[in-house]
Amino acid sequence: MIRVLVSPMSIDEAYECLKGGADIIDVKNPKEGSLGANFPWVIKEIGEIVKKEGKELSATTGDLDFKPGTASLAALGAAVAGADYIKVGLYGVKNKEQAYEILKNVTRSVKDFDADKKVVGAAYADFHRINAISPFDLPEAGQMAEVDGIMIDTAIKDGLTLFDHLKEPQLQEFVETARENGMFCALAGSINWEHLPVLKKISPDIIGVRTIVCESGRQSKIKSELVERLMKEMSG
Ligand SMILES: O=C[C@H](O)COP(=O)(O)O
């Protein structure tokens with residue numbers, strides 16, 4: 001069963017996600033980018049309502065530069081604020097060695113606080129456009145750094161989607177390599193309704209969305225009806 005992660009930016013939107021039945025609530029701040037970080041008090045407050053519903057909380061720590069110390073502190077902040085999953089955007093990370101370095105330190109920072117928290121390294125499908133690490137170098141770096149999961153998202157939200165940058169066999173390969181290396185995997189990047197059948201075929205552990213469940217574009221509001229429709233279509 002593919003789980004659905006939805007990314008609200010406010011308490012109101014988190015309620016919409018829960019009402020619509022999302023599996024994982026992923027607090028982010030789209031104003032600060034693809035994996036933009038929200039404030040600790042927002043993560044904490046959303047976490048309180050999410051936990052009451054027995055759901056899991058995720059938080060993004062930003063589209064990060066190659067600064068392992070800064071990233072480690074941000075990740076610890078998300079963990080302390082209550083996130084079960086801590087997502088790290090490898091935006092300014094150029095290669096496998098840098099990815100290992102940043103993820104190893106983030107993992108130590110999070111697991112020293114609470115070994116049950118899960119660290120997720122995120123690379124970008126449009127890595128060529130931002131001169132960042134290829135998602136295909138992530139399984140090896142992630143395994144060496146002992147992260148729990150890896151994901152692909154898009155860096156630039158300009159209407160192009162995950163499938164505009166990467167083809168189905170490449171995504172299938174990413175999913176298989178993640179699992180062979182002992183990690184779960186997630187796919188995201190302006191996923192739309194037409195992508196759902198192929199995503200079911202590729203079968204990642206998690207799909208991550210925002211735009212598809214917003215009333216009119218990524219910066220507008222999440223609607224519970226759209227979350228509900230997505231949950232229905234993914235389970236059918
Ligand atoms: O993890 C979630 C992603 O940021 C998805 O957002 P998007 O559907 O707007 O690309």
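Computed from a predicted model, the values in this text were never measured in an experiment. No hydrogens, no waters, no symmetry mates; every other heavy atom, side chains included, goes into these values.
Each of Thr60, Asn38, Val50 was scored for a side-chain contact (heavy atoms from CB on, under 4.5 Å) with Val27, with one residue passing: Asn38. Among Ile212, Asp23, Ile222, Ile207, the single residue meeting the side-chain contact (heavy atoms from CB on, under 4.5 Å) criterion with Val6 is Ile222. Just one residue in the list Leu166, Ile2, Ile152 forms a side-chain contact (heavy atoms from CB on, under 4.5 Å) with Leu187, and that residue is Ile152.
Asn181 contributes a side-chain N or O that, together with a main-chain N or O of Pro139, makes up a donor-acceptor pair within less than 3.5 Å. A distance-only check finds a donor-acceptor pair linking the side chain of Asp164 to the backbone of Thr161 [under 3.5 Å]. Without hydrogens or angle criteria, Asp63 side chain to Gly89 main chain gives no donor-acceptor distance under 3.5 Å. At distances below 3.5 Å, not a single donor-acceptor pair connects side-chain atoms of Lys87 with backbone N or O atoms of Ser58. Side chain of Lys31 to backbone of Gly36: no donor-acceptor contact under 3.5 angstrom is found. The closest donor-acceptor contact from the side chain of Lys221 to the backbone of Asp12 lies at 3.5 Å or more, if one exists at all. Using a distance-only test at 3.5 Å, with no hydrogens or angles considered, a donor-acceptor pair links the side chain of Asp126 to the main chain of Ile156. Of the possible polar contacts, one joining the Lys117 side chain to the Ala83 backbone as a donor-acceptor pair under 3.5 Å is found.
The side-chain heavy atoms of Ser203 and Val175, taken from C-beta on, include no pair separated by under 4.5 Å.
Through side-chain heavy atoms spaced under 4.5 Å, either directly or across other Ile, Leu, Val, Met, Phe, Trp or Tyr residues, Met144 is tied to Tyr100.
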Mind running side-chain contact (heavy atoms from CB on, under 4.5 Å) on Thr154 and Leu160 for me, showing each step along the way? CA-CA 8 Å; Thr154 47; Leu160 292 180; over 6 Å; no
Going through the distances and angles, do Lys94 and Phe66 end up as a side-chain contact (heavy atoms from CB on, under 4.5 Å)? CA-CA 8 Å; Lys94 306 284 179 225; Phe66 177 60; over 6 Å; no
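Between Lys67 and Ile102, the shortest heavy-atom contact is N-CD1, 4.1 Å.
Both Ile86 and Leu90 are part of a single hydrophobic cluster, where members link through side-chain heavy atoms under 4.5 Å apart.
Between Arg210 and Glu13 there is a salt bridge, since at least one side-chain N of the basic residue sits less than 4.0 Å from a carboxylate O of the acidic one. Salt-bridge check for Lys111 with Glu146: failed, with every basic side-chain N at 4.0 Å or more from each acidic carboxylate O.
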